[in-house]
Amino acid sequence: MKKNYFFLIVFLIMCSISAQDTANPLTIEANEFTTVTLFFPLSIDQVIPPASNYKFEMDQGKMLGTLKARKGPASNMTVITTNGKIFSILVNYSEKLDKYNYIINENQALGSKIPKAVENPITQTPSGDKIIPPEVTTTPGPIESPITTLVNTVPDKIDPIPDVSNGLLNKPKEDPIEYANSESDLYNSDREEYYRIFCENNYLQKSILKRSFRQNKKIIVRLNNILVDRDEIYFMLSLENTSKKDYNVNDLSFFIKESQRDSNPLILEPVHTFNLQKIIDRESDNEIVYVFKKFSLETNQILEIVLDEIDSSRFVLLPLDYKYLNLLSK
């Protein structure tokens, strides 16, 4: 009887593991008009992002994320929480949404990876007694009611309000857990990769500015937004070719001038450029990001953005006064 009971327990465990490994991916619909919110049972450790027409952002607490989408093909993303749970999510574009908030449970994970905290082996003394390694403080493992724990722990997990005066986040009073420093580590160890990820997450933005564009011969330069992160300032631009002829880009330049007639302007050199195409096809557009070290304008200064074409007079000059830049870059 005991033998049959033992095999029954083993059978139930194997079925549970098999069911978890073959769990179906979650399917979430989004569009550009509505922000869809995803609540995870524990803080997010890693994200493998979807295609560029989908934009997934994490809250500072990293237990929730937001998703928006532009019209395009379906894609997928993978989210790994700090307890090693792996969630596979299919994302689809839909003009009409039936659901705006998703509470994700641990039992919806496809599987899990072994946390670093449990990799230390259990050793034995010569007499056969087990020696258990010292307890390591880690993120809690699986819990019986993920939804209840999420509701109860969100306020404790969220970082303090950021200090936007210098572009840096205030440090939490308590020592942060290991994964919370991943962005800082990337910023310090691989600055180019940090810029690339930030640009890729933010370049598909609709223009929030009025009159922030100029047009010449059906070529339009439009400033969509200005963002500041850490010690850098990001210019989100759209280059639109509404003509019947391809546009061969020579350069996109930024100048600071003391006045319109200033013949010796200061040329700004970007620290990173993102997604600038050499040829903008006819009747198409090109969303780009230019990254500079943070700066501001004096009241008598203007910023000029100049797009020019190879061997052509189809150049476009977009002037911005100090109010535009200084207001948005605060």
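Computed from a predicted model, the values in this text were never measured in an experiment.
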- Message: Contact between Ile220 and Leu239 at the side-chain level, heavy atoms closer than 4.5 Å - yes or no?
- Response: no

- Query: Would you say Ser212's side chain and Leu223's backbone share a donor-acceptor pair under 3.5 angstrom?
  - Reply: yes

- Going by distance alone, is a donor N or O of one side chain under 3.5 Å from an acceptor N or O of the other, for Asp229 and Tyr194? yes

- Query: Stepwise, does the side-chain contact (heavy atoms from CB on, under 4.5 Å) test hold for Val249 with Ile280?
  - Reply: CA-CA 7 Å; Val249 176; Ile280 304 175; 4.0 Å; yes

- Query: Can you find a heavy atom in the side chain of Glu304 that is under 4.5 Å from one in the side chain of Pro265?
  - Reply: no

- CA sep, side-chain torsions, deciding dist, call: Asp190, Glu192, side-chain contact (heavy atoms from CB on, under 4.5 Å): CA-CA 6 Å; Asp190 192 344; Glu192 285 292 316; 4.0 Å; yes

- Message: Looking at Tyr54 and Tyr93, would you say the former's side chain and the latter's main chain have a donor-acceptor pair under 3.5 Å?
- Response: yes

- Item | From Lys85 atom NZ to Leu42 atom CG, the distance as rounded to the nearest 0.5 Å | 10.0 Å

- Tell me, yes or no, whether the heavy-atom count around Phe255 atom CZ, taken from other residues, nucleotides or ligands under 6.0 Å, exceeds 12. yes

- Would you indicate whether the side-chain heavy atoms of Arg214 and Ile305 approach each other to under 4.5 Å? no

- Rounded to the nearest 0.5 Å, what separation is found between the CD atom of Glu32 and the CG atom of Asn53? 10.5 Å

- ring pair (Phe, Tyr, Trp, His ring centres under 6.0 Å) evaluation trace for Phe235 with Phe254: CA-CA 11 Å; Phe235 287 80; Phe254 286 67; 5.3 Å; yes

- Item | Asn250 (side chain) donor-acceptor with Asp311 (main chain) under 3.5 angstrom | no

- Do we get Arg230 above Tyr187's six-membered ring, with its NZ or CZ under 6.0 Å from the centre and within 45° of the axis? yes

- Message: In the structure I gave you, are the side-chain heavy atoms of Ile302 and Lys257 within less than 4.5 Å of one another anywhere?
- Response: yes

- Query: Under 4.0 Å between a Lys/Arg side-chain N and an Asp/Glu carboxylate O for Glu232 and Lys294?
  - Reply: no

- Item | Between CG on residue Leu204 and NZ on residue Lys55, distance to nearest 0.5 Å | 8.0 Å

- Shortest non-hydrogen pair, Asp285 vs Glu240, comes out as CB-CG, 3.8 Å

- Item | Atom CZ of Phe292: over 12 foreign heavy atoms under 6.0 Å | yes

- Query: Once you round to the nearest 0.5 Å, how far does CZ of Phe40 lie from CD1 of Ile104?
  - Reply: 4.0 Å

- When hydrophobic residues are tied together by side-chain contacts of less than 4.5 Å, even through go-betweens, does Phe213 share a cluster with Ile219? no

- Query: Which heavy atom of Thr35 sits nearest a heavy atom of Lys68, and at what distance?
  - Reply: OG1-CD, 3.7 Å

- Okay, side chain of Tyr247, backbone of Arg314: is any donor-acceptor separation there less than 3.5 Å? yes

- Query: To the nearest 0.5 Å, how far apart are OG in Ser259 and CD in Gln301?
  - Reply: 10.5 Å

- Check: Ile233 and Ile226 side chains under 4.5 Å, non-hydrogen atoms: yes

- Query: Any idea which heavy atoms bring Phe198 and Met236 closest together, and the distance?
  - Reply: CE2-CE, 4.5 Å

- Message: If hydrophobic clusters are built by linking Ile, Leu, Val, Met, Phe, Trp and Tyr wherever their side-chain heavy atoms come under 4.5 Å apart, do Leu237 and Phe295 end up in the same one?
- Response: yes

- Message: Testing the 3.5 Å rule here: is there a donor-acceptor pair between the side chains of Thr81 and Asn83?
- Response: yes

- Note on the structure: What one should report as the nearest heavy-atom pair of Leu110 and Ser88 is CD1-CB, 3.1 Å

- Would you check if Lys217 and Ser312 make a side-chain contact, meaning some heavy-atom pair closer than 4.5 Å? no

- Just wondering, do Ile288 and Leu252 contact through their side chains at under 4.5 Å, heavy atoms? yes

- Query: Are any side-chain N or O atoms of Asp308 and backbone N or O atoms of Phe315, one a donor and one an acceptor, separated by less than 3.5 Å?
  - Reply: no

- Message: For residues Leu67 and Tyr100: do they belong to one hydrophobic cluster (side chain heavy atoms under 4.5 Å, members Ile, Leu, Val, Met, Phe, Trp, Tyr)?
- Response: yes

- Note on the structure: Only residue of Val47, Ile28, Thr27 satisfying side chain to side chain contact (heavy atoms under 4.5 Å, CB included) with Ile89 is Ile28

- Query: Got a donor-acceptor contact below 3.5 angstrom from the Asn31 side chain to the Phe33 backbone?
  - Reply: yes

- Message: Any salt bridge linking Lys71 with Glu95? Criterion: basic side-chain nitrogen under 4.0 Å from a carboxylate oxygen.
- Response: yes

- Residue pair Glu258 / Asn300, side-chain donor-acceptor N/O under 3.5 Å: yes

- Task: Give the C-alpha distance, both sets of side-chain angles, the deciding distance and a yes or no for side-chain contact (heavy atoms from CB on, under 4.5 Å) between Val79 and Leu38.
- Result: CA-CA 11 Å; Val79 176; Leu38 286 67; over 6 Å; no

- Message: Using side-chain heavy atoms (C-beta onward) and a distance below 4.5 Å, is Asn202 in contact with Asn225?
- Response: no

- Could you give the distance from CD1 (Ile279) to CZ (Arg282), rounded to the nearest 0.5 Å? 13.0 Å

- Message: Tell me the closest heavy-atom pair linking Phe274 and Cys199, and the distance in Å.
- Response: CG-CB, 3.5 Å

- Task: Check whether Val306 and Leu276 end up in the same hydrophobic cluster, where Ile, Leu, Val, Met, Phe, Trp and Tyr are linked by side-chain heavy atoms less than 4.5 Å apart.
- Result: no

- Message: Using only atom types and a distance under 3.5 Å, with no angle test, would you say the side chain of Ser75 pairs donor to acceptor with the backbone of Val91?
- Response: no

- For atom CZ of Arg191, decide whether the heavy atoms of other residues, nucleotides or ligands shown that lie under 6.0 angstrom number more than 12. yes

- Thinking salt bridges, do Glu309 and Lys245 make one under a 4.0 Å N-O criterion? no

- Message: Taking Val291 as the starting point, is it possible to reach Leu186 by hopping between hydrophobic residues whose side chains are less than 4.5 Å apart?
- Response: yes

- What's the shortest heavy-atom distance between Pro41 and Met63, and which atoms? O-CE, 3.7 Å

- When you look at Tyr195 and Tyr234, which way does the side-chain contact (heavy atoms from CB on, under 4.5 Å) test go after all the steps? CA-CA 9 Å; Tyr195 293 153; Tyr234 295 74; 3.4 Å; yes

